[in-house]
Amino acid sequence: MTMTRRNVMVMGAGAVIAFGLPMRASAAAEDAITDFTGGANVASEGVTLTAPEIAENGNTVPIEVDAPGAEAILILAMGNPTPGVAEFKFGPLAASQSASTRIRLAGTQDVVAVAKMKDGSFAQASSNIKVTIGGCGG
Amino acid sequence: MRKTTAITALLSAGAITAGAAYAEPVEDTLVVNGEIEMTTWTEPSETVEGKLLELISGWHFRGTETRAMQADDFDNSGMIFVQDAKDAWNTVEGDAGKSCSSCHEDVAGSMKGVRAVYPKWNEDAEEVRTLEMQVNACRTENMEAEPLGYTSTDMTSMVALISSVSRGMPVDVATDGPVSETWEAGKELYYTRTGQLELSCANCHEDNYGRMIRADHLSQGHINGFPVYRLKNTKLNSVHDRFKGCIRDTRAETFAPGSPEFVALELYVASRGNGLSVEGPSVRN
Amino acid sequence: MAENVRPRVKAPRQASAGDSVTIKTLISHPMESGQRKDSDGNTIPRSIIHRFTCEFNGEMVVDVTMEPAISTNPYFEFDAVVPEAGDFKFTWYDDDGDVYEDTSSVVMA
């Protein structure tokens, strides 16, 4: 097949062009975690973050968090201009400590969920979500 | 019955060279609200006979979460606009003191099947009309009200409302008789290369659907899902707005929404999808 | 006041005492993030819904602090316990001071 300009464009050259350069976690993002935990130890089990591996569009990315026994779950987009996404506080009538929502991601980055348990301990989960650059119309 | 995928057959036959990033459209079934069964993968329409081996709705080219959003009217944020249009349907506007419901009564009853056959010929006006044109004709002639902007939110929401009550029904636009001249004009536009990138609609949507264009999964370009709630701009998008966007993306001079060229193109593209279910308002990327 | 803001709720109308039910909420709101610029290059100021709460008969189910990273037309799905017949009350707080509310009643099955 002759390599015309058209062919190259349609072939989607390379993951970097498709996904864009990943966005590093900002200092503000790391601070947001420490503010929430007060610097306490954070366990790696106890909170589940469900998110797509590749976001169809960074403007509306569906995610779900679940942390049985949690008082609150903080969600951060580590590479966004401002890392805060949401904080869910669960009251006595919450049937589960879980919630789903749709978020905006400025680029490929880690999304972090930190759960504060009723017993004062913390747990954290992280998901790397690739945010793509579309070929046409974004 | 096992669905055949033409592209897989071609791939294994080595007809498509390796190196072209390709992804199978996902096999899945769309049932909205547990009730409306959608035909999203079907036999080729007459229009595409010999050109496409099967019709595949754009729904199959989207990711898992996006597909799921369309399966429930609450998750489908396009329905917010349908709700707004329902209010507009019952609101009196114009000097004649009427609302849509004054003549048409209940939208689900009176508009069922309408979206499926548009664009179509209007005998009195002797022209091919899109839904937008018909809405404005009704507004100006019968309601003596101001016309709505062709791609305005109000208009697109109204088209979404009218479309929503035809969901599940097969698209069935006429291509012969008085519309044939318009249809031919639309077909010519579809296959004409334009712009800096010298691309025609067919180059992507007929010749290369299923391939990845950077990270976009190219669909067959049907419009059965319009108006579309796009995740990218979190609002409803109309057919002509999308034509305009697509043409701009090929860096060509685009026609205006509502122009005869776009009306012709819409008729032709709609006929390509004859047989697929009306999905609008659908959810896409 | 943000224009055309419209809350919508999907909650069951009846349940048995102690049942766990799934609630979905949506509100049409642009959630202007404060990151965008207009055609003159000026930053469009942030204007979002910054908090959402759900209560049942006055007791808290969920209280969400929202940031600009929540998508336009904020959507939430969560589970609630229904101890008795009563009303779910949903409240959204806008940066511009407006408060939007919706309620949904539950009868015992």
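Letters go in sequence order (proteins before strands), and every chain restarts at 1.
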Is A/E45 atom CD crowded by more than 12 heavy atoms from other residues, nucleotides or ligands, each under 6.0 Å away?
-> no
Quick one: do the C/T72 and A/R102 side chains pair a donor with an acceptor below 3.5 Å?
-> no
Using non-hydrogen atoms and a 4.5 Å limit, figure out which bit of A/A99 sits close to chain C: side chain, backbone, both or neither.
-> both
From C/R46 CZ over to A/T82 OG1, what is the distance, rounded to the nearest 0.5 angstrom?
-> 8.0 Å
Side-chain heavy atoms of A/R104 within contact of C/M31, under 4.5 Å | yes
Flag, side chain of C/S71 to backbone of A/N59, donor-acceptor distance under 3.5 Å | yes
Value for OG1 (A/T101) from CD1 (C/I70), rounded to nearest 0.5 Å, stands at 4.0 Å
Does C/N42 CG have over 12 foreign heavy atoms under 6.0 Å away?
-> yes
Pairwise side-chain contact, C/T65 with A/K89, heavy-atom cut-off 4.5 Å (strictly under) = yes
Under 4.5 Å from any heavy atom of chain A - which part of C/S33 = both
Where C/A69 and A/G84 come nearest, the two heavy atoms and their spacing | CB-O, 3.7 Å
Flag the one option from A/A106, A/A77, A/A94 with the top tally of heavy-atom pairs under 4.5 Å to chain C.
-> A/A94
Heavy-atom distances under 4.5 Å only: say whether C/P83 touches chain A with side chain, backbone, both or neither.
-> side chain
Interatomic distance, C/M66 atom CE to A/E87 atom CD [nearest 0.5 angstrom] = 13.5 Å
May I ask you to list the residues in residues 54-63 of chain C that approach chain A closer than 4.5 angstrom, counting heavy atoms only, ordered by number?
-> C/F56, C/E59, C/M60, C/V61, C/V62, C/D63
Taking the six-membered ring where the residue is Trp, are the ring centres of A/F88 and C/F78 under 6.0 Å apart?
-> no
